[in-house]
J.: 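Below is one structure. I have some questions about it.
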Amino acid sequence: MLNIIICGAPGCGKGTQSDLIVEKYGLKHLSTGDLLRTEIAEKSTLGIEAESYISKGNLVPDTMILDILSKAIDEQTKSSNGIILDGFPRNVAQAEALETLMTKLKKEITILIDLNVDDEELIKRLLIRGETSGRCDDNLETIKKRLEVYVSKTAPVSDFYKNKNKYAAINGMGTVDEIFGRISTVIESKR
Ligand code: AP5
Ligand code: MG
């Protein structure tokens, strides 16, 4: 069983690469961003509250994420080849909560894959996507805030997994296929 975390700054390609990983390795994709956007589209109470954070480029509260995710992880690790976590954990408190949850389920995170992309390229990708995505956070002001939040809150999650020897940095610049080739090499070494 492969339980992978895909991590990196906004626009680094987490969603794009997750789709390819799902196709090749048969993992279940759990994206906290996608789960929240579904709630926003449905105008649920949770979605309305989440949108007020997301549109400003801030993280939504940990309790909200853990509620949504604990159930999904429990279900998916029962019945699949493993999971790919995209956009979670997003800070050290979430990483600690994930470890507790995995221990309870008698499962383990295999590796955190960290996609490294230059800021200039990230902004370019997100502005292009913003022309059609309809996402409330794909505008220059919110993108800049998301990048700041990434550095202050999410980047420390890498150290958490480095300390456990479960960390792989991947060059996230280049074509989608080139990057997927690099990711596949890391995954193959863990199977
Ligand atoms: P989330 O949905 O996780 O967004 P994000 O981290 O900002 O990342 P994106 O989804 O924008 O980018 P991506 O890395 O998936 O890249 P993609 O493949 O799409 O989170 C959104 C918000 O929700 C957060 O800000 C927060 O408020 C909240 N949230 C989510 N999880 C949370 C949590 N755990 N705790 C608290 N709050 C949470 O690619 C980007 C674009 O580039 C696409 O158009 C793609 O086609 C293109 N592209 C991809 N690869 C390449 C390439 N190699 N070359 C050229 N273009 C490329
Ligand atoms: Mg994404």
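Values below: every heavy atom of this structure, side chains too, minus hydrogens, waters and symmetry copies. Nothing fancy with the numbering, it's 1 onward along the sequence. For ligands, and for the atoms within them, numbers begin at 1 and follow the listed sequence.
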J.: Please report whether ligand 1 has a polar contact with Tyr53, defined as an N or O pair separated by less than 3.5 Å (distance criterion only).
T.: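 Such a contact does not occur with ligand 1.
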J.: Between Asp34 and ligand 1, is there a nitrogen or oxygen pair with a distance under 3.5 Å?
T.: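 Between Asp34 and ligand 1 (N or O atoms, distance only) the closest approach is not under 3.5 Å.
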J.: So is Gly57 in contact with ligand 1, going by heavy-atom distances below 4.0 Å?
T.: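 For ligand 1, residue contact (heavy atoms, under 4.0 Å) with Gly57 is absent.
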J.: Indicate whether any N or O donor in one side chain lies under 3.5 Å from an N or O acceptor in the other, for Asn171 and Asn116.
T.: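 Checked: Asn171/Asn116 side chains show no N/O donor-acceptor pair below 3.5 Å.
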J.: To which residues is Leu126 joined in a hydrophobic cluster, defined by side-chain heavy-atom contacts under 4.5 Å among Ile, Leu, Val, Met, Phe, Trp and Tyr, whether direct or through other members?
T.: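 The other cluster members (ILVMFWY side chains, heavy atoms under 4.5 Å, direct or chained) are Val117, Leu122, Ile123, Leu127, Leu140, Ile143, Leu147, Met173.
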J.: Between ligand 1 and Thr16, is the shortest N or O to N or O distance under 3.5 Å?
T.: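 Yes: some nitrogen or oxygen of Thr16 is under 3.5 Å from one in ligand 1.
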J.: Hey, which atoms in ligand 1 end up nearer than 4.0 Å to a heavy atom of Asn58?
T.: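 Under 4.0 Å from Asn58, ligand 1 has these atoms: 26 (C), 27 (O).
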J.: Which atoms from ligand 1 have a heavy atom of Ile179 less than 4.0 Å away?
T.: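 Atoms satisfying the 4.0 Å criterion: 53 (N).
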J.: Could you list the atoms of ligand 1 found under 4.0 angstrom from a heavy atom of Gly174?
T.: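 What qualifies from ligand 1 is 52 (C), 53 (N), 54 (N).
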J.: For Ile84 and Ser18, which heavy atoms make the closest approach, and how far apart are they?
T.: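 Nearest pair, atom of Ile84 first, then Ser18: CG1-OG, 3.8 Å.
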J.: With a sphere of 6.0 Å drawn around NZ of Lys153, does it hold more than 12 non-hydrogen atoms of other residues, nucleotides or ligands?
T.: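 No, the 6.0 Å shell around NZ holds no more than 12 heavy atoms from other groups.
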J.: Just jot down the ligand 1 atoms closer than 4.0 angstrom to any heavy atom of Leu36, in number order.
T.: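 What qualifies from ligand 1 is 23 (O), 28 (C), 29 (N), 30 (C).
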J.: Answer yes or no: does an N/O atom from Asp137 fall short of 3.5 Å to an N/O atom of ligand 1?
T.: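 In fact, backbone or side chain, Asp137 has no N or O that close.
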J.: For Asp138 and Arg129, run salt bridge (charged side-chain N to carboxylate O under 4.0 Å, His left out): C-alpha distance rounded to whole Å, both residues' side-chain angles, the deciding distance at 0.1 Å, then the answer.
T.: CA-CA 7 Å; Asp138 279 348; Arg129 190 181 62 192; 2.9 Å; yes
J.: Around atom 48 (N) of ligand 1, find the nearest protein heavy atom and jot down its residue, atom name and distance.
T.: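 Of the protein heavy atoms, Arg125 CD, 3.9 Å lies nearest.
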J.: Return a yes/no value for Gly8: is any of its N or O atoms, backbone included, closer than 3.5 angstrom to an N or O of ligand 1?
T.: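 Among all N and O atoms of Gly8, none is under 3.5 Å from an N or O of ligand 1.
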J.: Tell me whether ligand 1 is touched by Ser18 - counting only heavy atoms on the residue side and a distance under 4.0 Å.
T.: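 Per 4.0 Å heavy-atom rule, Ser18 does not contact ligand 1.
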J.: Checking Lys162 against Tyr167: charged group under 6.0 Å from the ring centre and within 45 degrees of the axis?
T.: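 Yes, a cation-pi geometry.
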J.: If you measure from each non-hydrogen atom of Ile65 to ligand 1, which part falls under 4.0 Å: side chain, backbone, both or neither?
T.: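 Looking at Ile65 and ligand 1, just side chain atoms fall under 4.0 Å.
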J.: Backbone or side chain, does any N or O of Thr175 fall under 3.5 Å from an N or O of ligand 1?
T.: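 Among all N and O atoms of Thr175, none is under 3.5 Å from an N or O of ligand 1.
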J.: In ligand 1, which numbered atoms sit nearer than 4.0 Å to a non-hydrogen atom of Leu126?
T.: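 Answer for ligand 1: 11 (O).
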J.: Is any N or O atom of Val60, backbone or side chain, closer than 3.5 Å to an N or O atom of ligand 1?
T.: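 Yes, Val60 has an N/O under 3.5 Å of an N/O on ligand 1.
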J.: Where's the contact between Gln94 and ligand 1, heavy-atom distance under 4.0 Å: side chain, backbone, both or neither?
T.: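 Just the side chain.
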J.: Determine whether Leu98 and Leu66 fall in the same hydrophobic cluster, where Ile, Leu, Val, Met, Phe, Trp and Tyr are linked whenever their side-chain heavy atoms lie under 4.5 Å apart.
T.: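 Yes, it is one cluster - the side chains of Leu98 and Leu66 are joined through contacts under 4.5 Å.
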J.: Would you please determine whether Arg135 falls within less than 4.0 Å of ligand 1 on a heavy-atom basis?
T.: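 Judged by the 4.0 Å heavy-atom criterion, Arg135 does count as contacting ligand 1.
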J.: Run the contact test for Gln17 against ligand 1 with a 4.0 Å cut-off on heavy atoms, strictly below, and give the result.
T.: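 The answer is no, since Gln17 has no heavy atom less than 4.0 Å from ligand 1.
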J.: For atom 43 (C) of ligand 1, what's the nearest protein heavy atom and its distance?
T.: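 Result: Arg129 CD, 3.9 Å.
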J.: Which residue holds the protein heavy atom closest to atom 24 (C) of ligand 1, what is that atom called, and what is the gap in Å?
T.: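 Minimum-distance protein heavy atom for atom 24 (C) of ligand 1 reads Arg90 NH2, 3.6 Å.
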J.: Does even one non-hydrogen atom of Leu115 get within less than 4.0 Å of ligand 1?
T.: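 The answer is no: ligand 1 sits nowhere under 4.0 Å from a heavy atom of Leu115.
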J.: What atoms of ligand 1 come closer than 4.0 angstrom to any heavy atom of Arg37?
T.: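 This gives 2 (O), 21 (C) as the contact atoms.
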J.: Are Leu69 and Leu85 packed together at the side-chain level, in the sense that at least one heavy-atom pair is separated by less than 4.5 angstrom?
T.: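 Answer yes - side chains close enough.
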J.: Under 4.0 Å from a heavy atom of Gly15: which atoms of ligand 1 are those, numbered in the order shown and with their elements?
T.: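 Counting atoms of ligand 1 from 1, those under 4.0 Å from Gly15 are 13 (P), 15 (O), 18 (O).
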